[in-house]
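A, B, ... follow the sequence lines: proteins, then strands. Residue 1 opens every chain. Atom set for the values below is all heavy atoms of this structure, side chains included, hydrogens, waters and symmetry mates excluded.
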Amino acid sequence: MALEKTFDAQEAEARIYKAWEEAGAFKAGAHKKRDETFTIMIPPPNVTGALHVGHAFNNTIQDILVRWHRMRGFDTLWQPGQDHAGIATQLMVEKELAKTQQPSRAELGREAFLEKVWEWKGKYGSTIINQLKRLGSSCDWSRNAFTMSGAPGAPAGEEGNFHDAVIKVFVDMYEKGLIYRGKRLVNWDPHFETAISDLEVENIEVAGHMWHFKYPLAGGETYTYVEKDEDGNVVFSEERDYISIATTRPETMLGDGAVAVHPDDERYAPIVGKLCEIPVGPKEHRRLIPIITDEYPDMTFGSGAVKITGAHDFNDYQVAKRGNLPMYRLMDTKGAMREDGLSYQDSALLAAEILAGKPFTETEVDSINLVPDHLRGLDRFEARKQVIAEINAEGLAVMTTVTKKVKDEDGKESEVSETVPYVEDKPIMQPFGDRSKVVIEPMLTDQWYVDAEKVVGPALDAVRSGRTKIMPESGEKTYYHWLENIEPWCISRQLWWGHQIPVWYGLDLSAPNFQDDEGDGALDEVELIKLLTEGGMLHSGTVHHCAADFEAVHGKFFADMADLPTPLNHCRVVEVANRHEANELFASSLAEYNVTQDPTKLVYPIWRDADVLDTWFSSGLWPIGTLGWPNWDESTSKYFPTDVLVTGFDILFFWVARMMMMQLAVTGEVPFHTVYLHQLVRDEKGKKMSKTTGNVIDPLEIIDEFGADALRFTNASMASIGGVLKLSVDRIKGYRNFTTKIWNAARFAEMNEVFENYDPTVIPTPEATVNKWIVGETAKVLKEVDAAFADYRFNDAANALYAFVWGKFCDWYVELSKPLFYDGDDATKAETRQTMGWVLDQALTMLHPIMPFITEELWGTVHGARDMLAVSDWPTYGDDLIDPAADAEMNWVIDLIESIRSSRAEVHVPAGLKIPMVQVELDDAGKTAWANNEAMIMKLARLDSLSEGPMPKGAITISVAGGTFALPLEGVIDIAEEKARLEKALGKLAKELGGLRGRLNNPKFVASAPEEVVAEAQENLAAREEEEAKLKAALARLAEIA
RNA sequence: GGGCGUAUAGCUCAGUGGUAGAGCACUUCGUUGACAUCGAAGGGGUCACAAGUUCGAACCUUGUUACGCCCA
């Protein structure tokens, strides 16, 4: 069957991919020839994801490694799967519900909503899988994993046990004391009403304002505010009864716990330790706060004094912790000003007591709501406006004088000065939720944390000791930097779609209210009633236990109750939805007991933590979770530890470091020995791709237009270690042309009957120099490609193959083979066919990891009856195939052809014109080389004859190693032009000679440089001198005639 | 402000101390029996700047400048 003129990627790719799958080519262990395993875990794309250029790059790299190892006979597994992506998926499903007029998430309730999510996943969840297939990814899809598989409510087909692994790890870590619950400042998304990770926060510079307000000193005190210049001279002095504070968020002033100044700031030294007043809120309950010192304030920024709102700012939080300042929460989960808790009056009084030194607990502080009654319930931005207006109205804004031009009735301009509140317009960095797009609020909430400091050690050691290598090396520095300064990891999320935290709460029966007054081991009626009334049980704290499920946790609560007075120690533990239900059920149970005195009716209700785990907690277990841990057997566990992780630089902390910590904590093993980090894929100018900029390249469109192979080859050629990834359509187009080039080389071979008697199992041992040479070149490129792949230098492998296939095979070998095919004897034709067939096969094989489709297609077409290329052997031959004599000879031939062509072009000999050549002098090697390759040289240099003789007058000199030729072109060429050409060549030579002589004449060079380098320079000098002599002679001859 | 990088041909980038490279773009020529998604030939660089180490520096060191990314 004759090949078409070009490769139809669109038609072929789907067909070929299907054939691979049907052949089981991607199954774990396919083409296994040895016991060593090679495993790559795909960085799980979000189940909501669609393929973008980043995925395309990332998966190309993985596929190259996987295909290369598979062909080399490793027991290879590329483990695919997806991440359940809590917030993104929940959002997607909520949108879908709204779009299709279905009940909302809140209306559906948790269980029904989760059913909808699973339904959605069933419908759309495999989008990205199909897109990865279009790229040619050779994952073992039969093992596709999902981070929510096996979760309660998972439908048929989702029975994996990832959920069990996640829960088991949580319980284990909890029991080891590595997980705890605490109240800390988190990034709070007021739209989704959940904590989110740093990764999900985008800091964007927006136009903001800085307001300057006066915080009056308590009791009308005054001080002298003095500013000095660098030399200590007073430049400004003023008596003040206030301290000036600048803020971009005036609404948070309500929750201030102090004003902080730098300990070295002399301007405020007189008032440190005194109290000042927050200039907002009802006059009669103005709150006083202390002026403290802390290293945090920047003396040169603003007034140098900073208000400290521990509950709503990350820097302030640290200051508040250091200074043991109370942190007053001002907002609710929606980002509106709080309406719950105590009245403003009670809150202000309590805050005053705390200021006076009364000890406080977290719970007490959280009940304090310092939002004035008239601001309660307002959105935070609305509240900001109000606060500003009130301060301005009271005259407590710092004022400034501005001059502006006004026009009177006649249009006459005049300048007017007025005094206005001082508000700076300035860009500020504001945190936004990457999905919700709302301003993220630092919020003080109860969350679950991994005590990262306790698990970070092994993860650091593993990289320091080299057990895991991070590439590029700068990644290791970043890794150390982050892990050495690690913060507790907040792992709870206020979402529904995710792994629900395996912790149950119960009422704290050991609290004082539950005391048995008589100490008789039984509660009497009076004591029971006390429990039921306001201030009793309803306000008690809770206790909690962690276990995999209710069955496992219920015994722990039961054990807690053993020491309680009768009848409480007889309670049956039951599960309810939340604390509210627990209160009601426990109360009614006690009331019933009071009537019946039947302790068997008593129940102790417990409720499960409603929150789910951070998606990164589950994806942190990806390497073992996908393999079925903890219930794995040898058929899967043999693939762990995995080999290489290929992922983006941006998730080094969020994912890579966490996998290191978690796998080490759980299994004691590193999850992978190599981490290959790559940059974000950008557009050709280096800009981030974004919909708003309109510079997004859709990989699927690229595949449609240019084929997956072209995109993949582009990805490989960009993949220098740590390199910037700038994707340009022009470049992709160039590599599409490369595929066409390969295709046509195969077509040429086919037309010359290369494959008719071709035996792919035989490495050719030809006679013709050109055939020997190309066999050697093939061996050289294999060596280069293997070395490049082994070092993750995918660009080097791609470039080596490109240079070999286009620059050597197509540009030279195909051309040089033509005289052999057209004019050679039968034996020559036969050996050339076998050689060309073999070299082409080698090229297809070596290109396969990068360009699987076209290579597989040609592999099957040119020689049908064999295994698919994806599961064929990677070659292993070496330098033994290189024939140095053939190498030298071909290089001489190529040099000669190039110099004839070059000379012809420079003196404008018509390209089609065949001309004679004179051999002026030639050594034996040159004579042999000529004899062996005469037909090729004549054809490619467009010569019609060669004669021996002296240098003709007015001829062009062709100088090669060991000889001189001449093109007698008197009358054809312009003597002046030829002179110019020679002068230019001499000029270039002179420069090189100068450098070489300079070095060789320097005794220190000869003394200290390595011998090879000196020898090389000497040989080089000799060759250049010979060439110079020839050129000079040629010039002299020209001078004779002109 | 802290951390990590980058600066080489018009563009995009390779280049780990020994004669500055590739692809694209550009110029000239070419319907030579695979390919115009092609072929041949060519032009184009003070390797950001400065100092140092070295027989020798694009490469190592220090500083300067500019830019990028991450974190605050």
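- Looking at residues two or more places apart in sequence or on another chain, you find no side chain to side chain donor-acceptor pair (under 3.5 Å) involving A:Asn752.
- Evaluation of the ring-ring contact (aromatic ring centres under 6.0 Å, His included) test over residues 721-741 of chain A, restricted to residues two or more places apart or in two chains, returns A:Phe713-A:Tyr735, A:Phe713-A:Phe738, A:Tyr735-A:Tyr802, A:Phe738-A:Tyr802.
- Computed from coordinates, the A:Asn1001 CG to B:G18 P distance equals 21 Å when rounded to whole Å.
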Table of protein N/O atoms under 3.5 Å from nucleotides 5-11 of chain B N/O atoms:
from, atom 1, to, atom 2, distance (Å)
B:G5, OP1, A:Lys477, NZ, 2.7

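- Across B:U12 and B:G63, the matching C1' atoms stand 30 Å from one another, rounded to whole Å.
- Separating the P atom of B:C11 from that of B:G1 is a span of 31 Å, rounded to the nearest Å.
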> When every nucleotide of nucleotides 20-27 of chain B is labelled 5' to 3' by its protein contacts under 4.0 Å (heavy atoms), B for base, S for sugar-phosphate only, - for none, what sequence of letters results?
Replying inline: ---S----
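- For A:His262, the side chain to side chain contact (heavy atoms under 4.5 Å, CB included) criterion is met by A:Asp264, A:Asp265, A:Glu295, A:Met299, not counting sequence neighbours.
- Remark: A:Thr828 pairs with A:Asp825 by the side chain to side chain donor-acceptor pair (under 3.5 Å) rule, at least two apart or across chains.
- When heavy atoms are screened at a 4.0 angstrom cut-off, A:Lys5 is found touching the sugar-phosphate backbone but no base atom.
- With sequence neighbours excluded, no residue satisfies side chain to side chain donor-acceptor pair (under 3.5 Å) with A:Trp859.
- Remark: A:Ser720 is in phosphate contact with B:A14, judged by side-chain N or O atoms under 4.0 Å from OP1 or OP2.
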Could you list the protein-to-nucleotides 41-45 of chain B atom pairs, N/O on both sides, closer than 3.5 Å?
from, atom 1, to, atom 2, distance (Å)
B:A41, O3', A:Ser902, OG, 3.4
B:G42, OP1, A:Ser902, OG, 2.7
B:G43, OP1, A:Lys984, NZ, 3.1

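- Applying the side chain to side chain donor-acceptor pair (under 3.5 Å) rule to A:Thr739 yields no partners; only residues at least two apart in sequence or on another chain are considered.
- Under 4.0 angstrom from either OP1 or OP2 of B:G39 there lies at least one side-chain N or O belonging to A:Lys741.
- A donor and an acceptor atom sit less than 3.5 Å apart, one in the side chain of A:Glu815 and one in the base of B:A34.
- Under the side chain to side chain contact (heavy atoms under 4.5 Å, CB included) criterion, A:Asn1002 pairs with A:Lys1004, A:Phe1005, not counting sequence neighbours.
- Residue A:Asn752 is out of contact with every strand shown, counting any heavy-atom pair closer than 4.0 Å.
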Which atom pairs, donor and acceptor, lie under 3.5 Å between side-chain atoms of residues 835-843 of chain A and protein residues at least two apart or in another chain?
from, atom 1, to, atom 2, distance (Å)
A:Thr835, OG1, A:Glu831, O, 2.6
A:Asp841, OD1, A:Arg866, NH2, 3.0
A:Asp841, OD2, A:Tyr758, OH, 2.6
A:Asp841, OD2, A:Arg866, NH1, 2.8
A:Gln842, OE1, A:Tyr877, OH, 2.7

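- Comparing B:U37, B:G18, B:A34 against the side chain of A:Phe748 picks out B:A34 as the nearest.
- Among the atoms of the strands shown, base atoms are found under 4.0 Å from some heavy atom of A:Pro1010.
- As judged by a 4.0 angstrom heavy-atom cut-off over every strand, A:Arg999 is placed among the base-contacting residues.
- One finds the CD atom of A:Glu756 at 7.0 Å from the CZ atom of A:Arg833 (value rounded to the nearest 0.5 Å).
- Distances shown here put a side-chain N or O of A:Asn737 below 4.0 Å from the OP1 or OP2 atom of B:C38.
- Taking side-chain N and O atoms only, A:Tyr822 has a distance below 4.0 Å to OP1 or OP2 of B:A34.
- Remark: A:Glu1028 pairs with A:Arg997, A:Lys1032 by the salt bridge (charged side-chain N to carboxylate O under 4.0 Å, His left out) rule, at least two apart or across chains.
- A:Trp188 is not listed as a side-chain neighbour of A:Ile440, based on a closest heavy-atom distance of 4.5 Å or more.
- A:Lys726 comes within contact range of the sugar-phosphate backbone alone, with a heavy-atom separation under 4.0 Å but no base atom that close.
- Using cut-offs of 30° and 60° on the angle between ring planes, the pair A:Phe804 and A:Phe809 is tilted.
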